[in-house]
2 protein chains.
Amino acid sequence: MTPQSIPVTATSIVDAIAADLRARMFSGELTADTPLTETDMAAAYNVARPTVKAAIERLVAEGLLVRGLHKTARVAALGPAAVSDIYHARAYLESEILRRLARTRLVPTDAVAANAEIGRLSEGTPTDLIEPDIRFHLSLIDAVGSDRMSKMYRSLMSEVRLCMNRVQSLNLLAPGLIYAEHERILELIAAGEGDAAAALLDDHLGRARERLIKALGGEPGPQADAPTDLLARS
Amino acid sequence: MTPQSIPVTATSIVDAIAADLRARMFSGELTADTPLTETDMAAAYNVARPTVKAAIERLVAEGLLVRGLHKTARVAALGPAAVSDIYHARAYLESEILRRLARTRLVPTDAVAANAEIGRLSEGTPTDLIEPDIRFHLSLIDAVGSDRMSKMYRSLMSEVRLCMNRVQSLNLLAPGLIYAEHERILELIAAGEGDAAAALLDDHLGRARERLIKALGGEPGPQADAPTDLLARS
DNA sequence: CTTGTGAACTTGTTAGACAATATTCAGGAC
DNA sequence: GTCCTGAATATTGTCTAACAAGTTCACAAG
């Protein structure tokens, strides 16, 4: 999957640099608010400035970097508000997906395999659970076969991975509970109970959201969305 | 509470060119498969090639242009498979949104206004209905207050606008019916009947999808899209 | 008719440069 | 001492010119 050679000769240099920067952000080497000066990056990768500039702009479009006009790009510092938005969006996308899967009672085999791996890793460190957990949710989305849905959800998950390495104390994951809830979700899909599956997922993601926000030092406000612009219609 | 959001239009040349190209694609001036050669565009806009290159790459990331390595970028030719994918994704996003809105029984005022405009335009040409129709659906999404959901839905709608001008015979829109169904959706939200609202929207978008696919000369298969020439990016 | 060869065109990337803007830091006013 | 002001520095936005690498198409050879 990941292009292995750090020397940037694989496909497109811009692609390679963007992929490398992404990996370094996910691995925690590049922490939040780390500035990525174009000239420095160009020197580090031994390429010209426009090349690394294109890679940076791509990551800005993905939301992993932030930059203002004439300002140095920095690794996005996803705060409580961003985490809340990301997890709400995840819930919106995935709960509807569960309803559709439940209609056909189709249980993706990849999701089963990913959760089985989570079950086996109950003794490992919480960090090891991140990858299989992401695979579990991604396989559910991919099962509906919509390229655009998969792409959108992957974009959200990349932001999740970015803010995951902000909290060193990853005790926000309870392996046994996660495994059990995933398993229950798969059962509800097989049983055709879409509403129950969606409700459980809402709870599942809602608790993860609150824990992550608390770990980031924010107030876990249950909603705090849509304050204006709404009117009851009689 | 919100410290930012002062609408200063800090515009760069790249942004301006990207916006202009987008507008020209939506207006139908740039039709599907139109090649956008970098040197030609640079000459047309009287800017350097890297500048227009950045604008093109941005539109490629948005899915409005397609390009292979070392190949000229062209306006995306959204075929039946792409339209099916786009409308399914729309349904996934928006039906869940309707369920959440119905829980609080809050009807966005912008959606009411947009549909009222549709009602007044029942005599106009079908093309005039596109803008208010898009505004109607966008206001529903925006009402939940998730920046990422709004961004994702806007991305889908930009693709919709792009393939709209491929079909000159826009008789796929029945103004009266659209107005009535929109109104019914708002009523169901106000009544707290999320399931019914989601089901009606599914039908609403499903019929629009089939008409559009038929107008593009494809088979309106209910699901099961064979991935064709989507996103040649490596 | 198929297959290769080559020229023309286009993009990928580099180098250096200049202008515009942001940031920083020193110095002066109170 | 603190705050404001302004110049020096740093960084990005954009341009010009150029070369390398790849694609497309016409055309000739088999």
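All values derive from a computational prediction rather than experimental measurement. Chain letters run A, B, ... following the sequence lines, proteins first, then strands; residues in each count from 1.
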**Q** Which nucleotide of DNA chain D is the first, and which the last, in the 5' to 3' direction, to come under 4.0 Å of a heavy atom belonging to chain B?
**A**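 With heavy atoms of chain B under 4.0 Å away, the range is D:dT14 to D:dT24.
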**Q** Are A:R100 and A:E96 close enough, and set up right, to give a salt bridge (charged side-chain N to carboxylate O under 4.0 Å, His left out), and what steps lead you there?
**A** CA-CA 6 Å; A:R100 310 271 169 166; A:E96 181 66 20; 2.8 Å; yes
**Q** Who passes side chain to side chain donor-acceptor pair (under 3.5 Å) against B:R154, sequence neighbours left out?
**A**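 B:R154 satisfies side chain to side chain donor-acceptor pair (under 3.5 Å) with B:D142 once adjacent residues are dropped.
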**Q** Could you give all pairs that pass the salt bridge (Lys or Arg N to Asp or Glu O under 4.0 Å) test and reach residues 36-47 of chain A, with sequence neighbours left out?
**A**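 Qualifying pairs, neighbours excluded: A:E38-A:R49, A:E38-A:K53, A:E38-A:R67.
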**Q** For a quick check, with a 4.0 angstrom heavy-atom cut-off, what is the B/S/- contact string for nucleotides 4-19 of chain C, read 5' to 3'?
**A** ------SBBBB--B--
**Q** Answer whether the closest heavy-atom distance between the side chains of B:M25 and B:T34 falls below 4.5 Å.
**A**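 A side-chain contact under 4.5 Å is absent here.
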**Q** Just grab all the ring-ring contact (aromatic ring centres under 6.0 Å, His included) pairs involving residues 137-160 of chain A, residues at least two apart or on different chains.
**A**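 Every pair satisfying ring-ring contact (aromatic ring centres under 6.0 Å, His included) with a residue in residues 137-160 of chain A: A:H137-A:H182, A:H137-A:H204.
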**Q** Kindly write out the residues that satisfy side chain to side chain contact (heavy atoms under 4.5 Å, CB included) with B:D20, not counting sequence neighbours, or none if the list is empty.
**A**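 Applying side chain to side chain contact (heavy atoms under 4.5 Å, CB included) to B:D20 gives B:R24, B:Y45.
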**Q** Under 3.5 Å, is there a donor-acceptor pair between the B:S158 and B:S155 side chains?
**A**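 Checked: B:S158/B:S155 side chains show no N/O donor-acceptor pair below 3.5 Å.
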